[in-house]
Colleague: 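One structure coming up, written as structure tokens, with questions to follow.
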There are 2 protein chains.
Amino acid sequence: MASKLKLVVSNDRVSPCYGCPLSGLCRDDAPPAAAVPHTCLEQRCVHLHSGEHLFRVSDEVDQQLHVIRSGDIKLYQHGRDGGQHIIEFLGSGAWVGLESLNQQHRHAGAVALTDCEVTIVPYAQVLSLLDRQPRSAEAFGQMLSGTIARHQQHAAMLRSTSAVQRVAQFLLQRLEQASLPMSRQDIADYLGLTSSTVSRCLSAMRRRGWLTMGQRAYHLPGRLQVEKVAAGTPLMLED
Amino acid sequence: MASKLKLVVSNDRVSPCYGCPLSGLCRDDAPPAAAVPHTCLEQRCVHLHSGEHLFRVSDEVDQQLHVIRSGDIKLYQHGRDGGQHIIEFLGSGAWVGLESLNQQHRHAGAVALTDCEVTIVPYAQVLSLLDRQPRSAEAFGQMLSGTIARHQQHAAMLRSTSAVQRVAQFLLQRLEQASLPMSRQDIADYLGLTSSTVSRCLSAMRRRGWLTMGQRAYHLPGRLQVEKVAAGTPLMLED
DNA sequence: CGTACGTTTGAGTAGCTTCAATTGGGGTGG
DNA sequence: CCACCCCAATTGAAGCTACTCAAACGTACG
């Protein structure tokens, strides 16, 4: 179960930034090739198998951030009642660990939902970049700002009184990619419902033909109706 | 209803940082007095009366952050059903507007719950500070990180199934200062409940002598029991 | 083929919401 | 100073939603 670490050194002189996790933060329009430090060239990666932890609750914070190259990860906390509360589902391109920068121990755990490839980005490296490139501080701020905005959206979803409403919003938000790698229980823990209720809501929409579910693939032929449900239109669960 | 703007220029040479909203970010251990730019000396303030908006939903983002000097502010969004969802209650010392850095229009509104004094901090000024003082980038990151962590906590509270549980957690979290400037409706919108339910929960605890409510002052003689309720111990509403 | 686990579905119940009536407190005008 | 009004808070009763408990089904894996 040990994570394999791989050191990747790019030899591509044409575009040294290709594949660099920091490329989203780099703001030098024309970075002088000679001045590019190791930062952009060295990439440490971790491969996670489905179910493996990237880090656990109470782990010591190691001052490292992570960027997901491929796969999906869930961020969770332990609920008061023993169950787990999913904070966020993170997909390809997402940063992991932004909430731990000021803390000594993780208050959230991160588990791979599928096999994952994750790039390790030492926080010091990010700070170093922010130091060298003033404009990237702005980009970094925007990234954190966006994270905050997403959490606010999630909180809004949790306050939607109706269960179908929450499930509909979840589907609309997550079904750009037409696949849901997480279990019903995970969805339930994310939406503040039970897996039974989630299942009932999905079945209700499926019965109406608004949702089709091949074992991993999901589609929304009735996207318009689902949007109405998400907006508050009531929906009888049993037909 | 027009907000009064006041320009305050400090003449105090002894401690130029005193009262500076950026002091929490400044990381120069011994800032050379001669090099201190206007940044630390100019402070624009806004005075808000209870009920006045600092900004509204859909307002254009003016690239300004705010720091609350005194008073309380609520951050809210419009719910699907017409009601408003409170995102966060912000008190003295808190930063306002961190979630809007990457957006063109506000997706949240900010209203004063009490009379407020708010310092205006142009985002450019923050960036300029981050540029000059590399270490303050870390502090800024920690601040945003802390904000994210608080939102995650809030989301966890919203998933607590029981109503009394949510109210108890809210009281424990908010009653360091022994006063709740917001209305029952606001609390309800924050917790994802109705004002009736909030009222009932508070009454239940008051009947048991765990909570006392002078018109503005709140106290928790039964903090221990309230903590148990927050942790999941069931509680009959009617006695 | 059999076991184990996740999902679906079924009744019954608890708890929150809804709607409405009552109380209380703060402000205004007499 | 008191009466009045207005809005917020409280409280009551009824209804409905989502949870609980439980069983049956499907699928993946040995």
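Since the model is a prediction, treat every value here as computed from it, not as a measurement. Chain identifiers are assigned alphabetically (A, B, ...) following the order of the sequence lines, protein sequences preceding nucleic acid strands; residue numbering begins at 1 within each chain.
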Colleague: Quick one: are A:M205 and A:V167 in side-chain contact, heavy atoms under 4.5 Å?
Modeller: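 With C-beta onward as the side chain, the pair touches.
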Colleague: Return the value, rounded to whole Å, for the distance between atom CD1 of A:I187 and atom P of D:dA18.
Modeller: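 Roughly 16 Å, once rounded to whole Å.
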Colleague: Distance check needed: D:dA8 C1' versus B:M182 CE, whole Å only.
Modeller: 16 Å
Colleague: Are a donor atom and an acceptor atom from the side chains of B:S100 and B:R106 found within less than 3.5 Å of each other?
Modeller: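 Yes - a donor-acceptor pair under 3.5 Å links their side chains.
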Colleague: Return the nearest nucleotide to the side chain of A:T194; candidates are D:dT20, C:dC16, C:dT18.
Modeller: D:dT20
Colleague: Round to a whole Å and report the spacing from CG of A:L237 to P of D:dT17.
Modeller: 8 Å
Colleague: Does either side chain, that of B:E99 or that of A:H151, offer a donor lying less than 3.5 Å from an acceptor on the other one?
Modeller: no
Colleague: Checking side-chain contact (heavy atoms from CB on, under 4.5 Å) against B:H66, which of B:L90, B:I73, B:I120, B:V121 comes through?
Modeller: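 It is B:I120; the other options fail the test.
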Colleague: Is there any ring-ring contact (aromatic ring centres under 6.0 Å, His included) pair reaching into residues 173-217 of chain B, and which pairs are they, with sequence neighbours excluded?
Modeller: B:F89-B:Y190, B:H154-B:Y190, B:F170-B:Y190
Colleague: Are any of the side-chain nitrogens in A:R184 or A:D189 under 4.0 Å away from the carboxylate oxygens of its partner?
Modeller: no
Colleague: Roughly, in whole Å, what's the span from CE in A:M205 to C1' in C:dT9?
Modeller: 17 Å
Colleague: With a 3.5 Å cut-off and no angle check, do the side chains of B:D115 and B:S50 form a donor-acceptor pair?
Modeller: no
Colleague: Could you state the CG-P distance from B:L191 to C:dT17, rounded to the nearest angstrom?
Modeller: 10 Å
Colleague: In whole angstrom, what separates A:L202's CG from C:dG6's P?
Modeller: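 Taking atom P of C:dG6 as the reference, CG of A:L202 is at 17 Å.
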Colleague: If you check every side-chain atom of B:R184, which of C:dT8, D:dT17, D:dA9 has the closest atom?
Modeller: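 So the side chain of B:R184 is nearest to D:dA9.
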Colleague: I want to verify a distance call: between D:dT10, D:dA18, C:dT17, whose nearest atom is closest to the A:T197 side chain?
Modeller: D:dA18
Colleague: Quick one: is A:S203 getting a side-chain N or O under 4.0 Å of the C:dT9 phosphate, OP1 or OP2?
Modeller: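 The answer is yes; a side-chain N or O of A:S203 sits under 4.0 Å from OP1 or OP2.
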Colleague: Going by heavy atoms closer than 4.0 Å, what residues in residues 159-167 of chain B are next to DNA chain D?
Modeller: none
Colleague: To the side chain of B:R200, which of D:dT11, C:dC16, C:dG15 is closest?
Modeller: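 My answer, after comparing the listed nucleotides, is D:dT11.
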Colleague: From the list D:dT10, C:dT9, D:dA9, which nucleotide is the closest neighbour of the side chain of B:R206?
Modeller: D:dT10
Colleague: Using the side-chain heavy atoms of A:S183, tell me which of these nucleotides is nearest: D:dA22, D:dT11, C:dT7.
Modeller: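 Selected nucleotide: C:dT7.
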Colleague: Find the distance A:D189:CG to D:dC19:P and express it as a whole number of Å.
Modeller: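 Result: 11 Å.
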Colleague: When you get a sec, tell me which of C:dT9, D:dT10, D:dC19 is the closest nucleotide to the side chain of B:M213?
Modeller: D:dT10
Colleague: Rounding to an integer number of Å, can you tell me how far B:L193 CG sits from D:dT10 P?
Modeller: 14 Å
